[in-house]
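Below: the structure, in structure tokens.
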Amino acid sequence: MSDGVVKILDGNTFVVSDSRGDIEASLTDPTGLFSFDTRFLSTWVLTVNGERLNALSVDDLQYFEARFFLVPGTGTVYVDAKLSVIRRRAVGDGFHEELTILNHAEEPIELTVRVDADSDFADLFEVKDALKKKGKYTTRIDKEGLHLVYERETFGRMTTISASAPVAVDEKGLTFVVTIEPHGSWATDLDVVTAAGAGGRIVRPKYRHGERQAQPNMERSLESWLDDAPQLECDDDRLRATYRRSLVDLAALRFSPLVAGGRSLPAAGLPWFMTLFGRDSILTSLQALPFTPELAATTLQALGDWQGSRIDDFRDEDPGRILHEMRYGEMTAFEERPHSPYYGCADATPLYVVLLDEYERWTGDRSLVRQREHEARAALAWIDEYADLLGNGYVWYQRRNEQTGLENQCWKDSWDSISYRDGRLPGFPRATCELQGYAYDAKIRGARLARSVWNDAAFADRLEKEAADLKRRFNRDFWIADGGYFALALDTEGHQVDSLASNNGHLLWSGIVDKSKAKAVVDNLLGPRLFSGWGVRTLAEGEGRYNPIGYHVGTVWPFDNSFIAWGLRRYGFKEEAATIAGGILDAAGYFDGRLPEAFGGYERSITKYPVQYPTACSPQAWSTGAPLLLLRTMLGLEPVGEHLVMDPALPSSIGLLALLDIPGRWGRMDAFGRGRVDVGSSHTSPGRRRTGSRSRTRSS
Amino acid sequence: MSEPIEEFFERLSAGGPGTLPPRTNGSLRIDLGSGATTERWFLTVEDGAASVSHRNAKADAVIRTSKDLFEGMVTGRVNAMAGALRGAVSLEGDPTLLVLFQRALPGPPSRSGVGATMTGRRS
């Protein structure tokens with residue numbers, strides 16, 4: 001069922017159930033208990049005297065626990081509710097469920113309580129693509145409970161189900177025969193434990209280690225996470241709610257890969273993308289740097305450890321390349337999918353260097369920069385030696401794994417995202433424009449690190465020379481003079497893929513745009529073809545493939561807009577940045593502070609509210625990070641030397657804004673701003689608005 | 001002793017590009033086969049420089065697999081991570097050390113025409 005779905009998770013273990021707490025997975029119904037990309041429970045159905053239950057309410061108390069309040073009987077009206085059933089479920093190394101039944105009647109009651117359990121041990125990829133399994137299933141019952149086992153050669157996975165109350169176990173589940181006194185209750189604990197290996201070591205659910213309440217896997221609890229983040233004070237209730245939502249969701253999105261030693265980094269999306277991603281983890285870490293710099297440190301460590309070291313066509317791996325995605329399921333194990341890890345993305349590698357530099361600028365943590373010198377140099381070398389597929393000084397991508405590799409290795413990774421104005425699609429390889437910007441920025445930032453931390457001035461000089469050369473060629477080869485913007489890509493003939501797209505904003509962020517061209521680019525970004533009133537569309541209205549509800553060809557992506565706003569600030573267009581921040585934050589208000597991955601590119605004045613694009617994952621990491629980066633751009637926060645500099649430009653609707661205790665190399669600092677930029681409800685030509693935000697800083 | 005495995009450890013201890021990153025530190029034992037016929041390799045790594053012996057001693061990380069499979073790993077025919085995921089390679093101890101070690105393993109022998117083989121550095 002698609003409505004009433006309840007998701008709870010802890011790291012990459014998660015449970016998706018219906019609103020009764022039941023799991024009845026099918027090929028079209030991706031519910032279940034999942035861990036390390038494998039479904040460990042596909043059936044988990046509670047009945048009382050053979051009857052299914054009805055949900056009265058569900059509390060998702062925390063992202064890792066939920067409570068279901070149920071009554072017997074089906075149908076829309078519940079009558080004769082002599083019984084209440086409460087399931088309290090917490091996830092962590094499997095899950096733990098406390099099942100309680102209350103008898104409200106004057107007489108004792110006899111019940112048969114049944115939990116049906118089964119597992120198809122599907123790989124996440126199989127759930128997506130509805131594929132058949134190749135191994136064999138067995139079931140075993142012993143004093144520990146019911147063991148569901150799946151084996152294929154050396155690959156084994158096991159689910160063990162046990163109960164604290166007296167129980168009869170059969171191969172299909174657990175049966176309790178209970179008598180409950182008048183106004184009395186009955187309860188049992190149910191433990192569902194996952195294990196790798198058929199006879200493998202069983203890991204107990206974490207709350208069995210003396211704790212009744214599950215704690216998140218991470219070193220830090222949600223409370224200390226929130227306490228440690230900067231405090232936001234402002235007149236705008238919706239912005240405060242959005243900020244809190246972002247921090248809580250970011251905590252839920254924390255993922256701790258084995259190499260991180262308990263520290264966490266942002267996974268890409270909840271629940272299907274709870275794994276290490278190059279691009280998503282880096283961009284989210286960048287957005288969150290002024291708030292939770294530890295995410296960036298872990299991202300740099302984990303992605304650095306897994307840096308590519310050899311040529312492997314199946315995994316699209318090269319020496320120096322930063323991974324795209326890591327998976328742990330059966331299809332990856334048997335090399336039916338390349339995610340062990342898969343390296344097919346062209347932006348994570350330059351962005352790795354960008355994050356390393358930005359991280360040092362905020363935190364002053366030179367030791368990490370020293371420790372990752374090897375990786376950063378290898379990443380910079382990859383740009384020239386492996387990404388320049390045509391040998392003409394640009395970053396190109398083309399997959400070598402034709403079967404299961406990714407066709408588009410930039411963030412707009414759907415099949416039709418890169419097109420000419422007339423709608424044609426270019427061949428491969430492709431050199432999209434933002435990749436050149438990232439490469440430029442990586443060289444400039446790499447040069448700064450080489451000079452200031454690695455003591456290698458010659459390398460710094462070389463990188464700066466290469467960057468200057470790249471910038472000169474880029475501004476010549478990608479510039480569409482009569483349109484006043486940069487082409488979306490170059491094709492193999494050297495021709496411009498001439499659509500107008502939001503990628504221009506990322507070019508501002510990277511700094512590759514000639515100052516003389518910036519105004520024209522900004523006019524396009526805030527002009528009627530790209531700016532919807534809520535934000536900048538991925539592809540401009542009027543292009544051949546434009547579709548306001550096309551995934552990368554017309555929708556508005558909050559993450560995209562947050563980087564565009566950063567780019568606008570970089571070139572001094574602070575009111576335009578505030579306009580975008582205002583639009584996206586207004587939109588967040590319609591989603592209770594949780595921005596979707598994308599929403600429709602419809603004109604704001606027509607729909608009045610942002611139309612959500614349906615996606616499987618919510619929250620999505622970089623949408624969660626978008627309000628954070630927008631706070632940074634609105635306040636104009638910029639680390640300069642040992643100081644935090646601010647230059648606020650806020651939409652007037654926000655009023656007074658204070659961000660307190662911003663962590664960094666300065667210790668903790670406060671930033672203040674007052675909204676002075678009038679943000680129209682639709683695109684208006686920027687540059688004629690009143691400015692004059694005040695700023696004040698305080699050191700503590 | 002199988003030749004490809006010996007050659008791999010020789011290359012590893014000789015250092016140079018494509019071996020262990022310079023921040024690699026610790027000890028790693030590789031047990032091939034089981035019982036009395038177990039073939040052991042013991043790596044001591046200091047700042048990326050590896051020395052190799054056959055000691056049977058406690059190590060920060062241990063890799064256990066069959067000789068055939070390890071030979072596949074050092075010749076690029078078997079991916080170490082995939083092998084570990086399907087339970088054919090067992091890993092114990094310091095995860096970072098294990099991840100850095102697998103970086104020294106070569107890629108598959110065959111290559112397609114695209115990608116790295118097409119590059120030419122711009123002068």
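Numbers restart at 1 for each chain; the letters A, B, ... are given by sequence-line order, proteins then strands.
Residues passing the salt bridge (Lys or Arg N to Asp or Glu O under 4.0 Å) test with A/K133 are A/E126, A/E330, sequence neighbours excluded. A/K465 pairs by the side-chain contact (heavy atoms from CB on, under 4.5 Å) definition with nothing, not counting sequence neighbours.
Between chain A and the options B/N79, B/L97, B/L100, heavy-atom pairs under 4.5 Å are most frequent for B/N79. The candidate with the highest count of non-hydrogen atom pairs below 4.5 Å against chain B, out of A/H339, A/E153, A/R315, is A/R315. Chain A forms the most heavy-atom pairs under 4.5 Å with one residue out of B/G48, B/A80, B/G107, B/G76, and that residue is B/G107. Heavy-atom pairs under 4.5 Å with chain B peak, among A/M326, A/R372, A/E317, A/Q301, at A/R372.
B/F9 and B/F70 have parallel rings, their planes meeting at less than 30° on a 0 to 90° scale where 60° marks the start of perpendicular. In this structure, A/F40 and A/F121 have perpendicular ring planes: the angle between them is above 60°, well past the 30° mark.
Residue contact with chain A, scored on non-hydrogen atoms closer than 4.5 Å, involves the backbone and the side chain of B/P21 alike. Neither the backbone nor the side chain of A/R152 comes within contact range of chain B; no heavy atoms are under 4.5 Å apart. When heavy atoms are compared at a cutoff of 4.5 Å, A/E375 approaches chain B solely by way of its side chain, counted from C-beta outward.
A/F125 carries A/R337 over the face of its six-membered ring, with the cationic atom under 6.0 Å from the centre and within 45° of the normal. Note that A/R473 lies in the cation-pi zone of A/Y394, set by a 6.0 Å cut-off to the ring centre and a 45° limit from the axis.
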